[in-house]
Amino acid sequence: MVSAHATRTRARQRARDWAEIQERMLVPLYEAVYTRLDVGPATSVLGLGCRSGLALLLAAARGAEVAGLEPEAELREIAQDRALRVLSDIYRELSPGHTASHSLVTAFEHLSCTADPASLVRDAAALTTRGGHVALAVWGPEERCESAPVLEVAHRHGGFDVFALAAPGAVESLITAAGLRVAGGGRVCCPYAYPDLDSALRGLISTGAFDTAAEFAGERQVEKELREALFPRTREDGSVRMENVFRYVIAERVR
């Protein structure tokens, strides 16, 4: 039996792997959304599932007021160490009497890997001021993502199909159902690039996408299959690179 201390230590290491290896891969996505919406001193940004907070730091650097919600304690601690205001529970923000006060609510990482994306979009809408925006991000078309065979390891063993919301109109239907208006979007190239295979494994596992697979098939089996899936993307110098496309959709709260 794994001790509570060992579990906590492992969770902290995985959070550091996210912050030090994986998080930077999505910077082009964050910046594309912020540029599209002219994020600056007049913007109040709330990041849903903000993880260790890099997206919030980039918004703050543009002068925005920022806050986040992150359920994982280890990731939240890193964000708080970065002097970010990050809470653990969305229901604290949606408590009775709460008034929506954010002009931009983002969901950059969690939409493709949540069991109830419709609820997430409704919550985002409830936290957005009238006339404000919700920015949602999902994986692009599977055929445009070289990480697809890697992500299939997770799906094969009971994990989420992260490309489910890549289907035309899938995100837009969630937006409409939440009472929001679709207000544009775009595609962004976000390569996954690592100096070596071990860094690639640590970075990918830190996303949480392979947790269910590890519980079902065992960590060693998942790591073995990940190594096999990464082999075609490993270069002669040992580095690993996968070209990927992400898609973002902007929604406006009009009432």
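Starting from 1, each residue takes its place in the sequence as its number.
- Here the side chains of T43 and L37 are not in contact, with every heavy-atom distance at 4.5 Å or above.
- Taking CG of L120 as the start and CG of L174 as the end, the distance is 9.5 Å to the nearest 0.5 Å.
- Between L204 and Y194, the closest side-chain pair of non-hydrogen atoms falls below 4.5 Å.
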Subject >> Candidate pair F163 and L151, rule side chain to side chain contact (heavy atoms under 4.5 Å, CB included), full reasoning >> reply: CA-CA 9 Å; F163 294 104; L151 296 166; 4.0 Å; yes

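- Side-chain atoms of R10 and Q13 form no donor-acceptor pair, as typed in the model, at a separation below 3.5 Å.
- Each of L48, V249, V138 was compared with L111 under the side-chain contact (heavy atoms from CB on, under 4.5 Å) criterion, and only V138 meets it.
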**OP:** Quick one: do D198 and R227 satisfy side chain to side chain contact (heavy atoms under 4.5 Å, CB included)? Show the steps, please.
**Re:** CA-CA 9 Å; D198 285 342; R227 288 182 181 274; 3.3 Å; yes

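- Counting non-hydrogen atoms of neighbouring residues, nucleotides and ligands closer than 6.0 angstrom, the CD atom of Q80 exceeds 12 such neighbours.
- For the atom pair CG (L165) and CD (E172), the distance works out to 10.0 Å, reported to the nearest 0.5 Å.
- With values rounded to the nearest 0.5 angstrom, L197 atom CG is found 14.0 Å from R233 atom CZ.
- Note on M242 and W18: separate hydrophobic clusters, where clusters join Ile, Leu, Val, Met, Phe, Trp and Tyr whose side-chain heavy atoms are under 4.5 Å apart, directly or indirectly.
- With H102 as the partner, the side-chain contact (heavy atoms from CB on, under 4.5 Å) test is satisfied by one option alone out of L46, T129, V66: L46.
- Closest heavy-atom contact between P232 and E228: CD-O, 3.4 Å.
- Heavy-atom minimum distance, F160 versus C113: CE1-O, 3.2 Å.
- In terms of modelled atom types and a separation under 3.5 Å, the side chain of R253 and the main chain of T128 share a donor-acceptor contact.
- Of all non-hydrogen atoms in S101 and S44, the two that sit nearest each other are O-OG, 3.6 Å.
- Salt bridge E23/R51: absent, no basic N to carboxylate O contact under 4.0 Å.
- Between P28 and C189, the closest heavy-atom pair is CB-O, 3.6 Å.
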**OP:** Under the side chain to side chain contact (heavy atoms under 4.5 Å, CB included) rule, what do L226 and I205 come out as? Steps first, then yes or no, please.
**Re:** CA-CA 10 Å; L226 283 175; I205 290 171; 4.1 Å; yes

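- A salt bridge links R8 with E74: at least one charged nitrogen is closer than 4.0 Å to a carboxylate oxygen.
- When hydrophobic clusters are built by joining Ile, Leu, Val, Met, Phe, Trp and Tyr residues whose side-chain heavy atoms come closer than 4.5 Å, directly or via intermediates, V222 is grouped together with V240.
- Summarising the geometry of D237 relative to S239, their closest heavy-atom pair is OD1-OG, 2.7 Å, with the distance given to 0.1 Å.
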**OP:** For side chain to side chain contact (heavy atoms under 4.5 Å, CB included), just list the numbers for L104 and Y34, CA-CA rounded to whole Å, side-chain angles, deciding distance to a tenth of an Å, and then say yes or no.
**Re:** CA-CA 10 Å; L104 172 60; Y34 294 159; 4.2 Å; yes

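- Y30 is not listed as a side-chain neighbour of T106, based on a closest heavy-atom distance of 4.5 Å or more.
- A side-chain N or O of E225 and one of H157 form a donor-acceptor pair less than 3.5 Å apart.
- Residue V45 comes nearest to A59 through the heavy atom pair CG2-CB, 4.2 Å, listed as atom of the first residue, atom of the second, then distance.
- Under a 3.5 Å cut-off, the side chain of R241 and the backbone N or O of P191 do not form any donor-acceptor pair.
- One hydrophobic cluster, built from ILVMFWY side chains closer than 4.5 Å, holds both F246 and L54.
- A salt bridge between E252 and R181 is present, with a side-chain N of the basic residue lying under 4.0 Å from a carboxylate O of the acidic one.
- T176 places no side-chain N or O within donor-acceptor distance of the main-chain N or O of S173, the cut-off being under 3.5 Å.
- Side-chain N or O atoms of E146 include one that pairs as donor or acceptor with a backbone N or O of E243 at under 3.5 Å.
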**OP:** For R62 and E31, run salt bridge (charged side-chain N to carboxylate O under 4.0 Å, His left out): C-alpha distance rounded to whole Å, both residues' side-chain angles, the deciding distance at 0.1 Å, then the answer.
**Re:** CA-CA 10 Å; R62 292 169 171 257; E31 293 288 16; 2.8 Å; yes

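- One hydrophobic cluster, built from ILVMFWY side chains closer than 4.5 Å, cannot hold both L75 and F108; they sit in different ones.
- Taken from SG in C145 to CZ in R247, the straight-line distance is 12.5 Å, to the nearest 0.5 Å.
- Note: R255 CZ to L180 CG = 8.5 Å, rounded to the nearest 0.5 Å.
- Hydrophobic cluster membership is shared by V33 and L84, with clusters built from Ile, Leu, Val, Met, Phe, Trp and Tyr side chains linked at under 4.5 angstrom.
- A distance-only check finds no donor-acceptor pair linking the side chain of Y192 to the backbone of Q22 [under 3.5 Å].
- Within the 4.5 Å cutoff, the side chain of V171 has no heavy atoms near those of the V121 side chain.
- A donor and an acceptor atom, one from each side chain of S119 and R122, are located under 3.5 Å apart.
- Residues C190 and M25 fail the side-chain proximity criterion, which asks for heavy atoms closer than 4.5 Å.
- For R36 and Y248, the side-chain atoms include at least one donor-acceptor pair closer than 3.5 Å.
- The shortest side-chain heavy-atom distance between S206 and I21 does not fall under the 4.5 Å cut-off.
- Taking CD of E77 as the start and CD of E70 as the end, the distance is 11.5 Å to the nearest 0.5 Å.
- E72 has its side chain within reach of R14: a pair of non-hydrogen atoms, C-beta onward, lies under 4.5 Å apart.
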